[in-house]
Amino acid sequence: MTLLEKIETKQARLGVIGLGYVGLPLAVEFARAGFHVTGIDTNREKIDLLRSGRSYVRDVPDEQVGAVVEQGHLEATTDFTALAELDTVNICVPTPLRKTRDPDISFIHAAVQEIRKHLHAGQLVILESTTYPGTTDEVILPILSDGDFRVGKDFFLAFSPERVDPGNEQFQTRNIPKVVGGVTPACTRHALALYRSSVDHVVPVSSTRVAEMVKLLENTFRSVNIGLVNELACMSHTLGINVWEVIDAAATKPFGFMPFYPGPGLGGHCIPIDPFYLSWKARQFGFEARFIELAGQVNGFMPHFVTDRIADVLNEQEKSVRGSKILILGISYKADIDDIRESPALDIITLLARKGAILSAADPNVERFDVPGVDCPLVEPTPKALRDADCVVIVTAHTTFDYRTVVKESRAIVDTRNALKGITAANIHLL
Ligand code: SAJ
């Protein structure tokens, strides 16, 4: 039976390497489509949770994991030798930046080396991790082709960018169009066949480089537009104009405009990072990606801008940052999630700690967090905690916060997300 036939009859044995916020939803979606899926991750704790039918990704309910594990459609292991039995492998591992802001594709490398060890005829390998254009062709293909296997004949290789939007209840793996680019047309055909089983809409493109670039355009688009409104926020503050009102009014334009909103900075493991994969690659060819670098500078400045606004608000009370009690409301990188990676709240906490503030934080979605060398306990945002604070800073606006109490009890509020939209009060200071 050919791989295409195995996929079409759902007898193909699928694998997903990397069971994070991308890999786990994908593995579960494949399993719910009726495939036998082997999830592989180096994190023993994740594997144990999955084996006990529990999820650790907010967008994937325990019930979904429990059902596919119970049916035997999803197996989880740390053992890469399982690859020898698999017909397809999706790589969904992290692609962070090094301290030097260069791409770190060591996780991709490690996964591909494991795949190489167990590569057999007819296997389909798909990279989903966001990376620079050329990674699939220049890094993965040579490793998998170093024996007798020929791509497009003995094995198939493609790139398909992940588009998971953590916390988005409207768009999940099944109904987010999937872009797919193969090394050869046969590679594309096989990858499309696999995704058609579990995703409503697949979008073939002519190469892996195009597919890699699609993702980077999507995220650079966001980073640059967020940078634009962040600069506009700083400008509007200087001009004494309410930038939020400006954006809301501009958003009434029924065409040619898409609202983005200023904030305390850019968080998450994608938008602050992915564009620098593109600028790094462009620089190898002597091309300076100026918009990417500029957006990075503007977005990276926002925690400093917020800290200055806090100092201004305290100054109006004839207080210094040093010795003032500052309560940070919301520390995840965006609303209604528990992820604090790259969260601007951590930068703001660090900057305020350096100035000698007495810090505490409140976030109903975050159970623990740590800013090295900084004392910032997690507290309940009780009326007393709000009253005791010299300044309350809304850094992330969870929809579950009761802002009425915040406005009523707080002496001064710096609202970096316009969370108190429509409430006018002397103690509220907008970004
Ligand atoms: N942000 C703003 N202003 C905005 C929008 C976002 O300051 O107008 C901030 C957010 O607060 C957050 C950061 O930017 O700190 C990133 O926000 P995001 O909405 O881009 O959310 P992510 O990074 O969790 O998910 C994004 C996806 N989001 C959307 O498309 C809405 C998408 O770009 C990718 O699918 C995903 O990253 C990824 O995995 O690349």
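As the structure lists them, so they are numbered: ligands from 1, and atoms in each ligand from 1. Predicted model, so just to flag it, every value in this text is computed and none were measured.
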With sequence neighbours excluded, what pairs up with Asp41 under the salt bridge (Lys or Arg N to Asp or Glu O under 4.0 Å) test? none

Just to verify, what does Asp102 make a salt bridge (Lys or Arg N to Asp or Glu O under 4.0 Å) with, not counting sequence neighbours? none

Are Glu128 and Lys178 close enough for a salt bridge, meaning some N to O gap below 4.0 Å? yes

Rounded distance (nearest 0.5 Å) linking atom CZ of Phe257 with atom CD1 of Ile247: 6.5 Å

Looking at Arg209 and Glu138, is there a salt bridge between them, counting it only when a charged N and a carboxylate O are closer than 4.0 Å? yes

Among all residues two or more places apart in sequence or in another chain, which pass the salt bridge (Lys or Arg N to Asp or Glu O under 4.0 Å) test with Arg368? none

Filter the ligand 1-protein atom pairs down to N or O on both sides and distance under 3.5 Å, then list them.
from, atom 1, to, atom 2, distance (Å)
ligand 1, 3 (N), Tyr261, O, 2.7
ligand 1, 8 (O), Tyr261, N, 2.8
ligand 1, 11 (O), Tyr333, O, 3.3
ligand 1, 11 (O), Arg417, NH1, 2.9
ligand 1, 11 (O), Arg417, NH2, 3.2
ligand 1, 15 (O), Gly267, N, 2.9
ligand 1, 15 (O), Tyr333, O, 2.7
ligand 1, 19 (O), Arg222, NH2, 2.8
ligand 1, 20 (O), Arg222, NE, 2.8
ligand 1, 20 (O), Arg222, NH2, 3.4
ligand 1, 21 (O), Lys334, NZ, 3.2
ligand 1, 24 (O), Tyr333, OH, 2.5
ligand 1, 24 (O), Lys334, NZ, 3.1
ligand 1, 25 (O), Asp165, OD1, 3.4
ligand 1, 28 (N), Asp165, OD1, 3.2
ligand 1, 33 (O), Asn219, OD1, 3.0
ligand 1, 35 (O), Arg163, O, 3.2
ligand 1, 35 (O), Val164, O, 2.9
ligand 1, 39 (O), Tyr21, OH, 3.1
ligand 1, 39 (O), Glu162, OE1, 3.2
ligand 1, 39 (O), Glu162, OE2, 2.9
ligand 1, 39 (O), Val164, O, 3.4
ligand 1, 40 (O), Lys215, NZ, 2.6
ligand 1, 40 (O), Asn219, ND2, 2.7

